[in-house]
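Everything below concerns the one structure shown next.
Naming convention: chains lettered A, B, ... in sequence-line order (proteins, then strands); numbering from 1 in each chain. These numbers come from the heavy atoms of this one structure, side chains and all, not from hydrogens, waters or symmetry mates. Just so it is clear, the structure is predicted and the values come from calculations on it, not from any experiment.
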Amino acid sequence: MKKILFTDGKHPLVGELTKLLEAKGYEVFVNNSDITTKEGVRALLAKAGAPDALVISGYATSRAALDGDDAEAIVSAVEENILSAFQAAKHIGTKMLEESRGTIIFLSSIFADKPTGGNPAYAVSQGALQMFMRELAMYYGNMGLRSNMIKLAPIAAEDPAFESDVVSATYDIETKVPTHLRVDAEDALGAILYFLSDYAKNANGTDIKLDGGLLYYYHDRTYTPAKEVELQ
Amino acid sequence: MTIDYLERPAIVLGTDLKTGEHTRLLEGLVAIVTGGGKGVGKGISIRLAEAGAKVVIVGNANMTMAEETCLFIRSRGGEAVPLGCDLAKPESAQKVVDFTLEKFGRLDILVNNAAYQPNRDIVEYPTELFKKVMDVNLMSFLRLSMCAMPHLKESGRGRIINISSVHGKKVASFDIAYATSKGGVTMLTRELAVLGPQYGITCNAILPGGIEIEFKTSMEKGDLKEFKSIRVERSRKFKFRYKMGFPSDVGNMVVFLASEQGKHYNGTQIRADGGMILF
């Protein structure tokens with residue numbers, strides 16, 4: 001039975017992903033403890049063992065703004081996301097190499113590329129983790145351990161963690177998403193299963209964006225569903 | 001190795017096309033340059049001063065190079081003052097901004113340039129060292145930008161210019177923490193860029209690569225030897241493809257972005273690498 005280890009239970013999709021993966025016969029381990037230290041991640045490794053897929057999600061966020069005065073709230077969230085990824089990739093990654101198994105998957109967001117306007121801590125962390133993933137792809141990839149990233153659109157329109165007056169990050173499927181589909185756990189599941197499979201043997205250092213085209217939305221174009229378009 | 005910090009013609013003058021009058025682009029403005037005493041930072045400090053800005057040069061505990069750069073600027077008629085500061089410490093950001101206001105009374109341009117690069121692979125990185133790279137290369141940019149924000153607002157034409165690296169786009173393969181920090185700088189730049197315009201502030205990043213600089217004194221002996229051999233090998237490999245750049249190349253771009261001419265640039269990442277990333 002293949003084992004999937006999620007490093008951060010705070011990610012809003014982890015609960016549903018766990019159910020979907022278990023239904024498919026995977027063993028799932030979700031971490032909810034602090035792994036920003038060597039001791040923390042070693043304790044996790046002792047409990048969970050080396051997985052077949054190490055899913056690093058780093059979902060610490062902060063509503064502190066860059067024009068506010070609480071820099072330390074932002075620093076603390078960024079540190080949590082980056083240091084937990086570092087500890088997991090270093091210690092669990094090394095164990096996976098020893099056992100010649102697995103793949104590393106970063107469960108990230110389009111906010112690794114697009115600013116949030118309302119949650120700089122998350123965007124800064126995901127930007128950093130994107131380069132971290134690429135570095136891992138070169139270093140561990142050379143030894144047979146691949147690293148890749150899944151970039152999801154914001155999970156739900158009403159997610160208060162990403163509300164912004166400055167950047168409209170609202171997941172407005174009517175006007176901004178050509179596919180008119182909302183991203184859900186099944187999207188993430190498909191990408192995880194792909195990266196776990198042999199079909200992905202040459203996927204290393206890459207990222208898959210699952211946003212229905214939202215990232216390329218520009219200005220006030222309204223995407224009319226095809227069935228309503230009158231052909232000329 | 002001796003680096004010529006005056007290499008390249010400088011962008012320092014603007015011309016009023018109606019009157020034909022020439023003025024220095026940054027006359028009367030005040031700038032902070034972190035890590036401004038050596039390497040790329042020194043090239044930036046000199047160019048800013050030549051363009052008329054008063055410059056606070058922030059060096060680390062070893063102030064010699066920051067002081068020498070200030071002396072060089074003053075010898076050419078510019079204004080610059082040094083400040084010693086460990087930017088890895090949270091309280092340093094406010095100290096830098098307070099010092100600048102005390103010396104010059106205003107702040108218009110913040111150049112986040114300080115960098116620390118121990119050159120290690122992930123398995124060789126102790127947690128504390130990894131964290132220190134983040135503190136200097138990423139968190140100091142964040143903290144200083146936030147401390148500077150009220151004064152940049154007051155300026156009405158504030159500029160934040162983050163000196164990232166080509167390794168913010170493409171892997172370094174010799175320092176995972178360095179590249180990670182630069183990936184964070186990319187998104188910090190974009191977040192500041194969407195927030196800034198309402199206050200008249202722009203934020204951009206410059207990504208230098210292949211710049212001739214003094215070798216880093218903070219490196220340990222073995223690392224330094226290895227790093228030098230990488231640089232020599234790389235120079236040999238690319239000899240006929242591109243030429244190494246100078247700190248003044250980056251300095252010129254900073255002056256442009258800081259000037260009125262640069263005001264429509266916001267949230268960009270401009271490579272200054274001679275095309276190295278494409279090879």
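- Between chain B and the residues A/Ile82, A/Asn119, A/Leu129, the largest count of heavy-atom pairs under 4.5 Å involves A/Ile82.
- When heavy atoms are compared at a cutoff of 4.5 Å, B/Ile176 approaches chain A by way of both its backbone and its side chain.
- The CG atom of A/Asp69 sits 10.0 Å away from the CD atom of B/Gln94 when rounded to the nearest 0.5 Å.
- Taking chain B as the reference chain and counting heavy-atom pairs below 4.5 Å, the highest number among A/Leu136, A/Val124, A/Thr36 is found for A/Val124.
- Contact detail for B/Val194 and A/Pro115: the closest heavy-atom pair is CG1-CG, 3.6 Å.
- In this structure, CG in B/Leu152 is found 12.0 Å from CG in A/Asp67, a value given to the nearest 0.5 Å.
- Residue B/Thr127 comes nearest to A/Gln87 through the heavy atom pair OG1-NE2, 2.9 Å, listed as atom of the first residue, atom of the second, then distance.
- Residues of residues 96-115 of chain B having a heavy atom under 4.5 Å from any heavy atom of chain A: none.
- For B/Pro197, no part sits under 4.5 Å from any heavy atom of chain A, backbone or side chain.
- The distance from the OG1 atom of B/Thr186 to the CD atom of A/Gln126 is 13.5 Å, given to the nearest 0.5 Å.
- Between the CZ atom in A/Phe111 and the CZ atom in B/Arg190 there is a gap of 13.0 Å [rounded to 0.5 Å].
- Interface residue A/Leu66: backbone and side-chain heavy atoms are both found under 4.5 Å from chain B.
- Taking every heavy atom of both residues into account, A/Leu83 and B/Lys131 meet most closely at CD1-CD, 4.2 Å.
- Interface remark: of the candidates B/Val171, B/Leu142, B/Val123, B/Val171 forms the most heavy-atom pairs closer than 4.5 Å to chain A.
- Contact annotation for B/Leu138: only side-chain heavy atoms (C-beta onward) come within less than 4.5 Å of a heavy atom of chain A.
- Looking at A/Ile74, only its side chain comes within 4.5 Å of chain B, counting heavy atoms on both sides.
- At a heavy-atom separation below 4.5 angstrom, chain B is approached by A/Met138, A/Tyr139, A/Tyr140 within residues 137-150 of chain A.
- For chain A, the nearby part of B/Met134 is the side chain; its heavy atoms alone come within less than 4.5 Å.
- Put simply, CZ on A/Arg134 and NZ on B/Lys170 are 11.0 Å apart, with the number rounded to the nearest 0.5 Å.
- Heavy-atom pairs under 4.5 Å with chain B were tallied for A/Ala65, A/Gly68, A/Ala123, A/Ala89; the largest tally goes to A/Ala123.
- For A/Ala112, the part lying near chain B is the backbone, with the side chain staying farther off; criterion is any non-hydrogen pair under 4.5 Å.
- In this structure, the side chains of B/Asp135 and A/Glu79 come closer than 4.5 Å at one or more pairs of heavy atoms.
- For the set A/Glu72, A/Gln130, A/Lys38, the count of heavy-atom pairs under 4.5 angstrom toward chain B peaks at A/Glu72.
- Within the 4.5 angstrom heavy-atom criterion, atoms from both the backbone and the side chain of A/Asp113 approach chain B.
- Here the CD1 atom belonging to B/Ile122 is positioned 8.5 Å from the NE2 atom belonging to A/His91, to the nearest 0.5 angstrom.
- No other option in B/Gly196, B/Ala172, B/Gly267, B/Ala177 has as many heavy-atom pairs under 4.5 Å with chain A as B/Ala172.
- Taking all atoms of both residues into account, the shortest heavy-atom contact from B/Ala179 to A/Met131 is O-CB, 3.2 Å.
- For the pair B/Asp175/A/Glu135, no side-chain contact is recorded, criterion being any heavy-atom separation below 4.5 Å from C-beta on.
- In terms of heavy-atom pairs under 4.5 angstrom with chain B, the leader among A/Gly117, A/Gly205, A/Ser125, A/Gly93 is A/Gly117.
- Taking the six-membered ring where tryptophan is involved, the planes of A/Phe86 and B/Tyr125 are perpendicular, since the angle between them exceeds 60° and thus also 30°.
- When heavy atoms are compared at a cutoff of 4.5 Å, B/Met149 approaches chain A solely by way of its side chain, counted from C-beta outward.
- Other residues, nucleotides and ligands contribute only 12 or fewer heavy atoms inside 6.0 Å of the NZ atom of A/Lys95.
- Annotation for A/Lys151: atom NZ counts as buried by contact number, over 12 foreign heavy atoms lying within 6.0 Å.
- For B/Ala193, no part lies under 4.5 angstrom from a heavy atom of chain A.
- Here the closest heavy-atom approach between residue B/Met139 and residue A/Val78 is recorded as CE-CG1, 3.6 Å.
- In this structure, chain A has no heavy atom under 4.5 Å from any part of B/Ser181.
- Within the 4.5 angstrom heavy-atom criterion, no atom of B/Ser145 approaches chain A.
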